[in-house]
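Bear in mind the structure is a predicted one, so any value in this text is a computation, not a measurement.
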Amino acid sequence: MILSDLTIAPARALDAGRLSDVMTCANAQHEWLPRAHSRAEEIGTLGDMIDVGWVQVARTDEAVVGFVVRRDAEIHGLYLHPKAQGKGIGRRLINVAKDNRSHLGLWSFAANARASRFYRQAGVVEVMRSDGADNEFGLPDVRFEWQRRAA
């Protein structure tokens, strides 16, 4: 994968299936994470989020390699294909999510140590933990927040 040909741009309607593929591959790395939705449900939900403009996609000439979903100041998901991890693409996606924002928030599963490490390195701070009673998986999670520093 050549990063010089990487672009980040709003998702297109036909990207929903590719985004579902990226999400499925990324989530398959976590044996503790159950699959909650069918592929058709994922594609439908992703399509809805694309339609309202929440999704930015990282793509190379060859493929969609990742995406971030942001509604206002809340990141609802950041996914990278496993082959795209560790190449700075996630950093670029989170920086796009930070553009024109004074603050952001997101939830991540407590068991996802790699994601927690990534968010901390990106300047996103842990502010609380929960037992997971309020998420669809019932898994403990961590609330992260980011504030733009005054110039």
Side-chain angles (χ1 to χ4, degrees), residues 1 3 6 8-11 15-59 63-150:
M1 173 183 319
L3 293 185
L6 181 78
I8 299 176
D15 287 335
R18 292 180 191 99
L19 301 184
S20 175
D21 291 342
V22 168
M23 189 165 60
T24 297
C25 290
N27 287 343
Q29 298 179 97
H30 308 298
E31 67 282 346
W32 46 264
L33 183 60
R35 184 158 187 145
H37 303 283
S38 70
R39 179 166 164 75
E41 289 170 325
E42 287 175 355
I43 291 170
T45 299
L46 288 163
D48 291 344
M49 291 188 285
I50 290 169
D51 288 346
V52 294
W54 295 0
V55 185
Q56 294 286 318
V57 173
R59 70 177 88 238
V64 169
V65 296
F67 66 98
V68 63
V69 179
R70 188 197 81 203
R71 178 182 181 213
D72 299 324
E74 189 71 16
I75 293 177
H76 291 274
L78 192 157
Y79 293 91
L80 290 177
H81 190 281
K83 291 180 181 178
Q85 293 176 359
K87 300 181 185 323
I89 299 168
R91 174 71 62 141
R92 288 187 57 188
L93 284 167
I94 200 158
N95 285 342
V96 165
K98 289 176 179 178
D99 283 350
N100 302 314
R101 305 296 322 163
S102 61
H103 65 280
L104 288 174
L106 63 99
W107 288 94
S108 183
F109 293 114
N112 194 343
R114 183 177 183 141
S116 293
R117 188 170 47 255
F118 166 78
Y119 291 125
R120 286 184 184 102
Q121 289 171 351
V124 185
V125 178
E126 179 180 331
V127 296
M128 68 176 283
R129 289 181 175 253
S130 91
D131 62 4
D134 292 330
N135 69 55
E136 66 184 323
F137 298 96
L139 296 173
D141 50 9
V142 181
R143 176 72 179 173
F144 288 95
E145 294 184 358
W146 170 82
Q147 296 284 328
R148 183 173 304 282
R149 292 186 179 159

Do [X] and [Y] have side-chain heavy atoms sitting under 4.5 Å apart?
X	Y	answer
Tyr79	Cys25	no
Phe67	Asp15	no
Lys87	Leu80	no
Arg35	Asn27	no

Practice task
Tell me, with the steps shown, if Arg70 and Gln56 meet side chain to side chain contact (heavy atoms under 4.5 Å, CB included).
Solution key: CA-CA 8 Å; Arg70 188 197 81 203; Gln56 294 286 318; over 6 Å; no

Measuring from atom [atom1] of [X] to atom [atom2] of [Y], what distance do you get when rounded to the nearest 0.5 angstrom?
X	Y	atom1	atom2	answer
Asp141	Met128	CG	CE	8.0 Å
Thr24	His81	OG1	NE2	10.0 Å
Tyr119	Ile75	OH	CD1	6.0 Å
His76	Met49	NE2	CE	8.5 Å
Gln29	Gln85	CD	CD	4.5 Å

Problem - Trace of the side chain to side chain contact (heavy atoms under 4.5 Å, CB included) decision for Val65 with Leu6 - result: CA-CA 9 Å; Val65 296; Leu6 181 78; 3.9 Å; yes

What closest approach, in Å, do [X] and [Y] show between heavy atoms, and which atom pair accounts for it?
X	Y	value
Val22	Val64	CG2-O, 3.6 Å
Ala11	Leu19	CB-CD1, 4.5 Å
Glu126	Phe144	N-CD2, 3.6 Å
Pro82	Ala26	CD-N, 4.0 Å
Ser20	Ile43	CB-CG1, 3.7 Å

Handout entry: Main-chain N/O of Phe118 paired with Gln121 side-chain donor or acceptor, under 3.5 Å
Key = no

Practice task
With sequence neighbours left out, write down each residue that passes side-chain contact (heavy atoms from CB on, under 4.5 Å) with Ser38, or none if nothing qualifies.
Solution key: Ala40, Glu41

Output a table of donor-acceptor pairs, distance under 3.5 Å, between side-chain atoms of residues 94-110 and any protein atom two or more places apart or on a different chain; print 'none' if there are none.
unit_1 : atom_1 : unit_2 : atom_2 : d
Asn95  : ND2    : Arg91  : O      : 3.3
Lys98  : NZ     : Ala122 : O      : 2.6

Practice task
Decide, yes or no, whether a salt bridge links Asp21 with Arg18 under the criterion of side-chain N to carboxylate O below 4.0 Å.
Solution key: no

Fill in the blank from the handout: The side-chain hydrogen bond (donor to acceptor under 3.5 Å, both in side chains) partners of Arg143 (sequence neighbours excluded) come to Glu74, Glu145

